[in-house]
There are 2 protein chains.
Amino acid sequence: MTSDRTFGITLLGCGIVGSGVARILTEQREMLQRRTGMTFDIRHVVVRNAAKTRAGDLTVSTDFKAAIESKETDIVIELIGGTGAAKTAIETALRLGKPIVTANKSLLAAHGAELFALAKKHNTCIAFEASAGGGVPIINALTRGLIANRIDALVGIVNGTCNVILTRMTRNGWTYEQALAEAQEKGFAEADPTMDVSGRDAAQKLALLASLAFNARVTEGDIYVEGIETLQKVDIEFAKEMGYIIKLLAIAERAADDRLCLRVHPTLVHHEDVLAEVSGSFNAISVYGNSLGHSLFYGRGAGAMPTASAVVADLVSVAMGTTQIEFKQLRVFPDTTAAAKILPFHELQSRYYLRLMARDVPGVLAQVTTALGEAGISLSAIHQRETDAGQFVPVIITTHLAKEGAMQAALQVIDALPVIGRPSACLRIIDPPLEFAGN
Amino acid sequence: MTSDRTFGITLLGCGIVGSGVARILTEQREMLQRRTGMTFDIRHVVVRNAAKTRAGDLTVSTDFKAAIESKETDIVIELIGGTGAAKTAIETALRLGKPIVTANKSLLAAHGAELFALAKKHNTCIAFEASAGGGVPIINALTRGLIANRIDALVGIVNGTCNVILTRMTRNGWTYEQALAEAQEKGFAEADPTMDVSGRDAAQKLALLASLAFNARVTEGDIYVEGIETLQKVDIEFAKEMGYIIKLLAIAERAADDRLCLRVHPTLVHHEDVLAEVSGSFNAISVYGNSLGHSLFYGRGAGAMPTASAVVADLVSVAMGTTQIEFKQLRVFPDTTAAAKILPFHELQSRYYLRLMARDVPGVLAQVTTALGEAGISLSAIHQRETDAGQFVPVIITTHLAKEGAMQAALQVIDALPVIGRPSACLRIIDPPLEFAGN
């Protein structure tokens, strides 16, 4: 595409992010012209229910096909979300050779390879910076800025809802239920929060990010997922006393044999790790590259304007034509890479935090430590906590590196002991890489 | 440029970063081919003293002109540094229409506008991701990822040497001299550390980053600079007790009237600010955009491999031709923008930390607070410290927002009081923006 042009935009979906995009393109029209020499005109706004949509002076319709096919449409921004109408609309645009800008992580996690291939076939592109990390340019960093690095690990806080809840539980000692209720009230959690609190949203983002980081096709199903719904505030408190903050982390690591270990779960993060400081609705993604070492990208993970910021940045690159070149030239997108080889989750090596409720009778610790020892798990620390009263006292155990399979087997044995009250809590600890320690 | 091509590279300078680039292009040759479809061959390595240079199997010469003019050279990587030979070499390449990849912040801070204009005139480009922030893709973020944002502030730890020294002083209670000696021994500081510890290196990087963030031409001379050479360990300790960590920050802020306030100085950062956690040789740059809000980019600020990582990323973008398009199309580089309007430093509004050595006699605090009051400066807190013994006791004062000019005037009056021992310490405090506080 050429310079000093005007680009006609069709905006599919005009909810929170869509309104943000419309706002930036209106309010920052002159700044964008000055910076890019290009003008962006929203020519069509397409929604499911036109009567419900407010889009200022913009004309709103419900006919996505007509809008996409319109000669006035040069670029299509898809913000419908989900894998239904959004997919059909994107396919329609791509078949006409019209580039797509999207924030749709669910769709890309499920059908990315197929859609990327379709885009290439029709000599166009899909820009998707807004689909993970909100406004943080992490996708650009992975595909371009860090292209000279073999990535060894990617560790992120990628779900703002969970981080809002965990921050409140950690700082104020609230229960999960209290923190969720507040998050819903304040608009940080949806009425049905399942996608977020179950870890699924984080897993979809991890699938996308890991695909790009490791140049391998990762799907949501490759990822072990545990949410924050059953997290107890006592564990947050005990972890804190030991110098750890509990975060929902999305983790992708390259094992020694090049298989990928992919997981989303509540994790004990050392308080000196930069990720421990990431609070509220902020996201942060740590990337470990063989040349760059540790880098971290931090910012608002969701919300109208941060996400719209990423959408408009993509729009500029698509209008310049640079995304098209990168899309064609770089072989880092899931349509050009093979399926990832996955390390089965039970082979994961991790350190663990265990909280057992043990009957306060002689020999309990011996039974517990025997069960762990027989599974080949060695202890790093053990604290028997004092409580106000009652038959069961919490016993906190941290382990050295152990296999997930062995840990789960040991836990079954322990939970079956008559002296142990259920449920026990078993959480994973992530240690800061050596780099953190020194200079 | 086209796909699946081989690119001939001339490497000017083969010191620490140059060797890193050669190493990546050799060791990661296949990974780069697989990811980019392109091959990068170092055809010429040019150095000042060929006898001293080890570059593996590479042929080394001292004739930069011949190497640049060679038909085998498609792209020139300049890692000589400084404003002498590097400038001549870059001009030679640009006049031939050959793109430049450089890490030379001094040169760009001094002659950026001129060189960018020359590049455009000859239809080529200068890629300079490696010139600030080491391997962190901050320049790409400012010029592309955050392009939809009016940037309001940029606050960074951009000098690894100073951060290594300050980290040691903060964590271990060492003096500046002890920490510098260790940094020199470990290779984090040069034999003559002036460029780093005086804040000049940070100022040059800030000139570059602020030019891009604010789309205005900023030169080193526009920046108020204070180094860390006279920083006392007592001030680090007192700051710590109040919940602050002292960092050398490079700060660019947009004032209400759109003038820029630009400065590099030791600064008290609240311990909950993410920047407070950035230790050792790591760099981090906080950016505040009107749509994105707060974002932060963190990683190794120096060293062979991190910087080489950025150089090679630039190389890939130049070879794809996307940097050329951006260079031509985007009007964010200093050759296309007007000179920045600068807020004179005495008009800065800041909170301050004062440490006075006061004679332990009645009426001292009254004299001090009167001097501050007469300058219109109101106090936030005051602590008179107890000491082991002696005539002078440290008095720590923090202020509410005050003007730099008023503060310096008051300090002159205070330092002239017979009851005050000199020198007093006066440091600036940066408060986390409101965003930090909540969700």
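In the text below, chain A, chain B and the rest are named by the order of the sequence lines, each starting its count at 1. What's counted below: heavy atoms across the whole structure, side chains too, no hydrogens, waters or symmetry copies.
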Checklist line | Region of A:Glu326 that comes under 4.5 Å of a non-hydrogen atom in chain B | finding: both
Check: Got a second to check how far A:Phe297's CZ is from B:Ile138's CD1, nearest 0.5 Å?
Finding: 9.5 Å
Checklist line | Region of B:Val136 that comes under 4.5 Å of a non-hydrogen atom in chain A | finding: backbone
Next item on the list: Using side chain to side chain contact (heavy atoms under 4.5 Å, CB included) as the criterion, point out the one residue from A:Val312, A:Ile24, A:Val21 that pairs with B:Ser291.
Entry: A:Ile24
Margin query: By the definition side chain to side chain contact (heavy atoms under 4.5 Å, CB included), identify the one residue from B:Thr143, B:Asn215, B:Leu330 that meets it with A:Arg35.
Written below: B:Asn215
Check: Given a strict heavy-atom distance threshold of 4.5 Å, which part of A:Leu146 is in contact with chain B: side chain, backbone, both, or neither?
Finding: both
Notebook entry, point to check: Which atom pair, heavy atoms only, marks the closest approach of B:Ala313 to A:Arg144?
Noted result: CB-O, 3.6 Å
Notebook entry, point to check: Side chain, backbone, both or neither: which part of A:Arg150 has a non-hydrogen atom closer than 4.5 Å to chain B?
Noted result: both
Next item on the list: Quick one: closest heavy-atom pair of B:His294 and A:Phe282, and the distance?
Entry: O-CE2, 3.4 Å
Item checked: Distance (rounded to the nearest 0.5 Å) between A:Met320 CE and B:Thr322 OG1 -> 8.5 Å
Margin query: With a 6.0 Å cut-off (strictly less than), is the heavy-atom count around NZ of B:Lys120, excluding the residue itself, greater than 12?
Written below: yes
Note to self: For B:Gln28, which atoms come within 4.5 Å of any heavy atom of chain A: side chain, backbone, both, or neither?
What the structure shows: side chain
Next item on the list: First locate atom CD of B:Glu272, then atom CD of A:Glu277, and finally report the distance between them rounded to the nearest 0.5 Å.
Entry: 7.0 Å
Notebook entry, point to check: Given a strict heavy-atom distance threshold of 4.5 Å, which part of B:Ile139 is in contact with chain A: side chain, backbone, both, or neither?
Noted result: neither
Margin query: Using heavy-atom distances under 4.5 Å, tell me whether B:Asn149 contacts chain A through its side chain, its backbone, both, or neither.
Written below: both
Next item on the list: Apply the side chain to side chain contact (heavy atoms under 4.5 Å, CB included) test between B:Ser309 and each candidate in A:Ile147, A:Asn290, A:Leu292; give the one that qualifies.
Entry: A:Leu292
